[in-house]
Amino acid sequence: MTTDDPATDRTDREDFPDWLRQLERDIRPGPGVRLRIWCRRRSRRLKGGAAVLVVLALLAGAAAYRSGQLRRPGPAAHAAAASGATASPAAGPGATAAPTAAPGPFAGTPAAGWPAGAAGIVLPPAHRAGDFTAAQVSAGLAQVRAALLTARLDRAFMAGRSPDPLLRHFAPAARASVRKDYTTETIATYATRLAPDARLAPDPPRVSGRITYQATRDDNGVRELAVTTNFVWVYGFRDPGARSGYSVVLLHDTVVWHLPYPDDVAAASRGLWLYDMSSYGWGLDCGTIRQGLIRPGGLDPAAAPFPEDPEALYDPDHPIAVPTHC
């Protein structure tokens, strides 16, 4: 297995001439123009008889290049589309304009009308699945949701420097692998860590996606509840260099979480495991992602044009595999 060298992949903004940094400021109409793409994939499996079941993982990722040529609807058009309303004619000279709120980081993006934060993580109804009772399914879904809330939305965890708030959600036997991921780019596949200089906007991240589940068995016959989460997370960042004052970073992940049937495994293996993870990111910095850290990306003048409408990346049904630029 090869290991990427951050020093060879990092885009160093200090090397950009002043005229290029000025160009970056001038061509940026809003949060939609930050486009950089990161991708990596890794497989990892832990096996062991009844004491430790098959677990963890697969890493994939991608996301984003930069272009100043994007044309996207303005905030009013997105709001009208979300509500089903038709744009009204301009008001006449004597009309009084309705007060409007100052645009936030998500204005002009498909995420403008999405639920904020935890409201976007809606659990499906819990029904019996295989040998798992409805109550067990409900408890398992609640465990997964709690892990998501910490991994992707808890500001203290995201800005902190300890994996402990995330580790507590996992089975004791699964925690060593998560701890190992914490300082590598693998962590970005299922959790968000902010670079020290990244500043989130006050607005909560916007979230869109769904959760499904099914009963299954591993190669050793261990009964498991497999919970699949598929979410797009859009973060607003303060960005003094942007015309709007904000930038956005998008992360789209699909994660399969396994919960073994308690009677089939030892006590240390009871609880939540990561089984399969894949993701892409959009608008992020290629250098810091090598350390598993997220911040808005900078100008990449050598990036090739993205082969599709970047707004399609906001769709939870978009395939995880996308062209990479990091």
Side-chain angles (χ1 to χ4, degrees), residues 11 13 16 18-38 63-83 85 87 90 97-117 120 152-153 155 158-159 192 194-208 232-252 281-286 288-289 293-301 303 305-306 309-315 325:
T11 300
R13 291 175 57 90
F16 290 166
D18 291 340
W19 66 265
L20 187 54
R21 279 195 288 266
Q22 181 61 45
L23 175 63
E24 178 182 4
R25 290 190 291 270
D26 291 345
I27 68 173
R28 215 176 338 189
V33 300
R34 283 187 172 265
L35 301 174
R36 297 290 294 276
I37 294 185
W38 155 77
Y65 73 94
R66 171 193 262 311
S67 165
Q69 307 303 318
L70 292 182
R71 296 190 302 271
R72 55 175 67 244
H78 280 291
S83 65
T100 58
F106 310 108
T109 76
W114 291 4
R152 292 299 195 190
L153 297 175
R155 292 190 178 222
M158 293 190 295
T192 302
L194 300 176
D197 59 347
R199 296 292 179 265
L200 284 174
D203 311 65
R206 298 303 190 256
V207 183
S208 179
V232 177
W233 317 86
V234 183
Y235 301 87
F237 288 86
R238 295 184 182 275
D239 186 352
R243 186 171 302 173
S244 67
Y246 301 105
S247 289
V248 296
V249 168
L250 175 153
L251 297 173
H252 177 194
W282 176 92
L284 44 73
D285 181 86
C286 291
T288 58
I289 193 62
L293 301 174
I294 302 296
R295 71 176 175 193
L299 177 65
D300 185 0
F306 197 65
D309 181 359
E311 289 198 358
L313 297 174
Y314 285 78
D315 186 352
H325 291 260

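Both backbone and side-chain heavy atoms feed into the values below; hydrogens, waters and symmetry mates do not.
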So, do Leu250 and Val232 sit near enough that their side-chain heavy atoms are less than 4.5 Å apart?
-> yes
Could you give me the CA-CA distance, side-chain angles and deciding distance for Val207 and Trp233, then say whether side chain to side chain contact (heavy atoms under 4.5 Å, CB included) is met?
-> CA-CA 5 Å; Val207 183; Trp233 317 86; 3.6 Å; yes
Smallest separation among heavy atoms of Asp285 and Thr288, with atom names = OD2-N, 2.9 Å
Looking at side-chain heavy atoms only, is the closest gap between Arg238 and Pro105 below 4.5 Å?
-> no
Any side-chain heavy atom of Ile294 sitting closer than 4.5 Å to one from Ile289?
-> yes
Nearest heavy-atom approach of Arg206 to Ala111 is CG-O, 3.5 Å
Apply the side chain to side chain contact (heavy atoms under 4.5 Å, CB included) test between Val248 and each candidate in Trp282, Tyr235, Phe237; give the one that qualifies.
-> Trp282
Where do Pro296 and Val249 come nearest, in terms of heavy atoms and distance?
-> CA-CG2, 3.8 Å
Tell me, with the steps shown, if Trp114 and Phe106 meet ring pair (Phe, Tyr, Trp, His ring centres under 6.0 Å).
-> CA-CA 9 Å; Trp114 291 4; Phe106 310 108; 8.9 Å; no
4.5 Å side-chain heavy-atom contact, Leu194 and Arg295 = no
Decide yes or no for Leu313 and Glu311: does some side-chain heavy atom of the first lie under 4.5 Å from some side-chain heavy atom of the second?
-> no
Arg152 and Leu251: CA distance, side-chain angles, deciding distance, side chain to side chain contact (heavy atoms under 4.5 Å, CB included) verdict | CA-CA 10 Å; Arg152 292 299 195 190; Leu251 297 173; 3.4 Å; yes
Which pair of non-hydrogen atoms, one from Met158 and one from Thr192, has the smallest distance, and what is that distance?
-> CG-O, 3.2 Å
Taking all atoms of both residues into account, what is the closest heavy-atom pair of Gly117 and Leu153, and its distance?
-> C-CD1, 3.6 Å
Is there side-chain contact between Asp315 and Ser208, with heavy atoms separated by less than 4.5 Å?
-> no
